[in-house]
Amino acid sequence: GAVDIGVAGDDVLETAFIQTIWVSVLCLIGAAVVLLFLLHQMMTQPLRHLANLGKKIAHGEIEHTLSDVVFRRRPQHGARKTRNEIQALTQTFEEIREYVRRMTGSAHNLASGDVQQQVMLFSQDDRLGHALQQMSEYLYEMTTAVAAIAEGNLRQEIARRRANDE
């Protein structure tokens, strides 16, 4: 009779090939899931954190600092460009927070009676800064006139700023 020495036929090779393809596909799917998770960690979470801090700033909570809060770990090699863009956005939020903090300080000083303070403008287009400067100048004029009247000088002239000033 014939002796079967176990040499694989075409069916066995085909089955092994199909199994190898399936294992490769499953490995690729696993790698894609890990990659998506890492992208989520590197992008979505810092952006969500920035959005939450932005809401706090919008609601007047300006004492939170943004630097080093979003990035607790060093950026990884492939994530450098994304991290730099998120860091630039973080820096912009920090500049906004610092602007609001300084303007709030100036407004608080005015409310406390410091009418001689110098309000620092952040740019020529700084509308809030210009408004606080005008408010400070107007209050200084008013307090100077009131002090003069209190000393007996009743001949004070105060220029109208608006048509309905009386």
Side-chain angles (χ1 to χ4, degrees), residues 1-139 162:
V3 175
D4 187 9
I5 58 172
V7 177
D10 287 341
D11 289 343
V12 174
L13 288 175
E14 187 177 325
T15 302
F17 180 71
I18 291 173
Q19 287 176 344
T20 303
I21 289 176
W22 276 109
V23 168
S24 298
V25 168
L26 290 176
C27 287
L28 285 174
I29 290 172
V33 168
V34 169
L35 181 63
L36 287 174
F37 176 76
L38 290 175
L39 283 174
H40 171 73
Q41 294 291 0
M42 292 177 351
M43 292 177 58
T44 306
Q45 285 184 339
L47 289 174
R48 187 175 294 136
H49 190 68
L50 267 178
N52 288 336
L53 289 173
K55 284 181 185 178
K56 287 181 180 182
I57 292 171
H59 291 122
E61 298 176 37
I62 57 173
E63 296 307 317
H64 300 282
T65 59
L66 300 174
S67 52
D68 298 327
V69 175
V70 174
F71 303 102
R72 295 184 187 104
R73 294 170 279 148
R74 277 188 358 200
Q76 297 157 358
H77 175 68
R80 195 167 303 274
K81 182 173 181 173
T82 300
R83 291 278 178 167
N84 288 342
E85 291 164 349
I86 295 173
Q87 286 173 332
L89 182 60
T90 301
Q91 180 61 35
T92 300
F93 267 86
E94 181 61 24
E95 290 171 10
I96 292 168
R97 186 202 64 82
E98 181 61 20
Y99 171 78
V100 171
R101 189 188 68 75
R102 286 188 183 182
M103 290 297 118
T104 301
S106 293
H108 180 71
N109 290 342
L110 280 173
S112 299
D114 182 4
V115 296
Q116 293 183 350
Q117 72 168 325
Q118 294 294 321
V119 177
M120 184 180 89
L121 297 178
F122 280 72
S123 73
Q124 291 295 12
D125 298 324
D126 184 355
R127 295 178 70 180
L128 179 58
H130 282 291
L132 287 172
Q133 276 185 341
Q134 291 172 356
M135 186 185 309
S136 179
E137 291 167 5
Y138 185 67
L139 289 173
R162 300 180 320 176

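Numbers for residues simply follow the sequence, beginning at 1.
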Residue list, salt bridge (charged side-chain N to carboxylate O under 4.0 Å, His left out) with Arg102, at least two apart or on another chain: Glu98
Pairs of donor and acceptor atoms involving the side chains of residues 20-31, under 3.5 Å and at least two apart or interchain, shall be tabulated with distances.
| from | atom 1 | to | atom 2 | distance (Å) |
| --- | --- | --- | --- | --- |
| Thr20 | OG1 | Ala16 | O | 2.8 |
| Ser24 | OG | Thr20 | O | 2.9 |

Identify the heavy atoms of Ser136 and Gln117 that sit nearest to each other, and give their distance. OG-O, 3.6 Å
Could you report the tightest heavy-atom contact between Leu110 and Val115, atom names first, then the distance? CD2-CA, 4.3 Å
CG of Leu50 to CD of Gln87, rounded to nearest 0.5 Å, is 10.5 Å
Between Leu53 and Phe93, does the side-chain contact (heavy atoms from CB on, under 4.5 Å) criterion hold? Intermediate values first, please. CA-CA 9 Å; Leu53 289 173; Phe93 267 86; 5.8 Å; no
Would you list the pairs meeting ring-ring contact (aromatic ring centres under 6.0 Å, His included) in which at least one residue belongs to residues 100-121, sequence neighbours left out? none
With His130, which of Leu121, Asp125, Val119 fulfils side-chain contact (heavy atoms from CB on, under 4.5 Å)? Leu121
Worked verdict on Leu128 versus Phe122 for side-chain contact (heavy atoms from CB on, under 4.5 Å): CA-CA 10 Å; Leu128 179 58; Phe122 280 72; over 6 Å; no
Start with the C-alpha gap between Leu89 and Leu47, add the side-chain angles, then the distance that decides, and say whether side-chain contact (heavy atoms from CB on, under 4.5 Å) holds. CA-CA 9 Å; Leu89 182 60; Leu47 289 174; 3.9 Å; yes
Rounding to 0.5 Å, atoms CD (Gln19) and CD (Glu14) come to a distance of 11.5 Å
